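Here is the structure we will look at.
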There are 2 protein chains.
Amino acid sequence: MKKFVTIKDIAKKAGVSINTVSRALNNKPDINPETKKKVLEIAKELGYIRDLSALSLKNGVTRTIGVVFEDSSNPFYAEVFKGVEHQARKYGYQVILMNTERDYIREIQAVETLIEKRVDGIIISPTQFDKKDIEHLINLNYPFVVLGVHFENSQFDEIYSDDLKGGYLATRHLLERGKQKILMINAYMYKSVAKMRYLGYKRALEESGLQPYFMVEIEEGYESCFNKILELKNMSYDAVFCFNDVFAIAALKALKALNKRVPQDVAVVGYDDISYASFVNPSLTTVRIDKYKEGMIAFDLLHERLTEKRTEPAQIVLDVELIERESS
Amino acid sequence: MKKFVTIKDIAKKAGVSINTVSRALNNKPDINPETKKKVLEIAKELGYIRDLSALSLKNGVTRTIGVVFEDSSNPFYAEVFKGVEHQARKYGYQVILMNTERDYIREIQAVETLIEKRVDGIIISPTQFDKKDIEHLINLNYPFVVLGVHFENSQFDEIYSDDLKGGYLATRHLLERGKQKILMINAYMYKSVAKMRYLGYKRALEESGLQPYFMVEIEEGYESCFNKILELKNMSYDAVFCFNDVFAIAALKALKALNKRVPQDVAVVGYDDISYASFVNPSLTTVRIDKYKEGMIAFDLLHERLTEKRTEPAQIVLDVELIERESS
DNA sequence: TTGTATGCGTTATCAC
DNA sequence: GTGATAACGCATACAA
């Protein structure tokens, strides 16, 4: 690769010092307009492109944030990412995205790399399998925001949705539809989201004088849920409340394979309201989270930290909303 | 934010020079094992984390590549991205993702920023609205790979799918199903992909002694296609070949709204085979591209450049495959 | 208004 | 085996 033009090259060609070049490039006041014009012209002519690595080193600031997500191919995170990006652009920040594929080891590595890159801050959706990486960030006093989950007694910034309410709304809705044997397909409960959604499910049932019917924790992903439904084919249930829409879409497919009618035989409710939830047939009843907003707020929280507008931990809980469609 | 520990800090505490610290940290041979051990211990104790900005500046290498995609929330790109990431991880590279939202201005900015960051190379899916940014990369002799599209007479690395074949397969399939009035909902034809898919459509029709029935170019995105189908509600057609699956899924929804039966009244074929293509109901007949592979190869092409294993431009054309499902 | 010198964190070249 | 020192590209305090 060709070597890049540096301010030194410009200085030489313009017959001035690098200092003057720097002044011209950065719109500093104390410079002769003529000199400035000349320098700028030469810079353009030579095709100068500043080196952000050098700037980072100099300034101790990268104007870059890191985002660590479980799975950016899940439309939920894709949408959140766009929200983050939107705000980042607005404030002139770059975003580095790292996927963990829900692998805690990868999560640790991702955080480590981002620190090595000295990103100004990090937005992370942790697996919650463990939290060494989070503790590391705390010890370093590194600015970060946890997205999507909640740690008990956390003293750092978090944004997540009201999952208890979501689980509650979904389940109550199914009860109102006359369903009683409500199966819940959940993610692993070490994740706060999974736990809260379960508690919402439980609460709604108990309010109706019922006990949780059956809850099963499985690995996340379409296949995983599809297989589970097939596996439970001899179980009797009249509704399924799924941890998220990816699960729910898998459930729809699996139920179809089992010749169950949705919602007559089995009603299905998902969570997240990804766009595909309304595209499937029957369209999916689900709990909506404003994903874009979640991403935007996550960035804003981080930005407040970076600019030290706020030093106290903030915990934002996003409201959720039940979206009734054909599957229930 | 706390200041980071530097090799200088380690040196001071260990009572050695920074040079020695560097040697210990980088596993250099010419160092006393005892010294090394001691230095490493102190480094750990102090919580040393190397500064990649400084390394970049020193080495002129970032071990980072940039990826510029039209829309990473389209599952097509999400999947490609995973392929890129997979290979990048394998070779120890980081990946920066930038979305352009199909905005050419943003595309230019994205490329500019990546160059400023001195990423080692770039993988880009250009809008093809114009190609100033591509030319810039060429002029700089910057390593890059174009993904998903093809520029005529290009002298740089490209990976794209056999879109002519794809368009042909899709259309011939519809003809074989007895459809004759095949509407094509296309993206803008300044994109080579859109153009080639159209040419495939045309060829298949001409082979059957037919002329292209009707092709319309629209902006990409679900809404755009949904609205177009509604708009064309008085048109007579018995099949729709869509530029991609997002379009096709929108078409399914719109046709349902128009009370058309799929595939009896109108058959639908998409393109890409995103996972949701099989989740919708009726499931979608589509042209499959191996997206993960496309991403992996894109990285490999770039990596060959970076390591100078290859200097000649490579043009990889991925084969495609028709996946027959319920919508046709 | 402009230039010189220093330092950001690191590695590499060269003495010792 | 170890330590000074320069260099990477840039911004800036200070000197001129």
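Bear in mind the structure is a predicted one, so any value in this text is a computation, not a measurement. A, B, ... follow the sequence lines: proteins, then strands. Residue 1 opens every chain.
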Q: Would you classify K28(A) as touching base, sugar-phosphate or nothing, given that sugar-phosphate means primed atoms plus P, OP1 and OP2, and contacts are heavy atoms under 4.0 Å?
A: sugar-phosphate
**Q.** Pair of N/O donor and acceptor under 3.5 Å linking dT2(D) base with R23(B) side chain
**A.** yes
Q. Across the strands shown, which category fits D51(A) at heavy-atom distances under 4.0 angstrom: base, sugar-phosphate, nothing?
A. sugar-phosphate
Q.
In this structure, how many angstroms lie between the P atom of dT10(C) and the NZ atom of K117(A), rounded?
A. 15 Å
Q) Is there a donor on the side chain of D30(B) or the base of dG1(D) sitting less than 3.5 Å from an acceptor on the other? A) no
Q: May I ask you to verify if any side-chain N or O of K3(B) is less than 4.0 angstrom from the OP1 or OP2 atom of dG9(C)?
A: yes
Q: Look at all strands and tell whether R50(B) reaches a base, only sugar-phosphate, or nothing, counting heavy atoms closer than 4.0 Å.
A: sugar-phosphate
Q) Looking at T35(B), does any N or O in its side chain come under 4.0 Å of the phosphate oxygens OP1/OP2 on dG1(D)? A) no
Q) Taking atom P of dA6(D) as reference, at what distance in whole Å does atom CG of L57(B) sit? A) 17 Å
Q | Short side-chain N/O contact from N26(A) to OP1 or OP2 of dA11(D), under 4.0 Å | A | yes
Q.
Measuring to OP1 and OP2 of dG3(D), would you say a side-chain N or O of T20(B) lies under 4.0 angstrom away?
A. yes
Q. When we call it a touch if two heavy atoms are under 4.0 Å apart, what does N19(A) touch: a base, just sugar-phosphate, or nothing?
A. base
Q.
Output the rounded distance in Å from NZ (K8(A)) to P (dA5(C)).
A. 13 Å
Q: Nearest whole angstrom, please: distance from the P of dG9(C) to the CG of L55(A).
A: 15 Å
Q: Could you check how far CD1 of I18(B) sits from P of dT10(C), rounded to whole Å?
A: 9 Å
Q) Are side-chain N/O atoms of S17(A) and T20(A) paired as donor and acceptor at under 3.5 Å? A) yes
Q: Would you mind telling me which of dC8(D), dC10(D), dG1(D) lies closest to the side-chain atoms of N32(B)?
A: dG1(D)
Q.
Under 4.0 Å from OP1 or OP2 of dT10(C): is there any side-chain N or O of S53(B) that close?
A. no
(Q) What is the distance, to the nearest angstrom, from the OH atom on Y48(B) to the C1' atom on dT11(C)? (A) 10 Å
**Q.** N/O (side chain, S17(A)) to phosphate O (OP1/OP2, dT2(C)) under 4.0 Å
**A.** no
Q: Classify the ring geometry between F129(A) and Y104(A) as parallel (under 30°), tilted (30 to 60°) or perpendicular (over 60°).
A: tilted
Q. Has S22(A) got a side-chain N or O lying under 4.0 Å from the OP1 or OP2 atom of dC10(D)?
A. no
Q | Whole-Å distance separating the CG atom of L52(B) from the P atom of dG9(C) | A | 14 Å
(Q) Taking any heavy-atom pair under 4.0 Å as a contact, classify I7(B): base, sugar-phosphate, or nothing. (A) base
List the atom pairs, with distances to 0.1 Å, where a side-chain N or O of residues 36-49 of chain B and a protein N or O form a donor-acceptor pair under 3.5 Å, not counting sequence neighbours.
unit_1, atom_1, unit_2, atom_2, d
K36(B), NZ, N27(B), OD1, 2.7
K38(B), NZ, A14(B), O, 3.1
E45(B), OE2, K13(B), NZ, 3.0

Q) If we ignore angles and hydrogens, is there a donor and acceptor under 3.5 Å between the side chains of S154(A) and Q315(A)? A) yes
(Q) Can you work out whether R118(B) or G15(B) has the more 5'-proximal nearest nucleotide on DNA chain D? (A) G15(B)
Q | dT11(C) base / K58(B) side chain donor-acceptor hit below 3.5 Å | A | yes
Q | Lys/Arg-Asp/Glu bridge criterion (N-O < 4.0 Å) met for E220(B), K191(B) | A | yes
Q: Starting from P on dT10(C), measure out to CD1 on I49(B) and report it in whole angstrom.
A: 11 Å
Q) Side-chain donor-acceptor pair under 3.5 Å between K117(B) and T64(B), yes or no? A) no
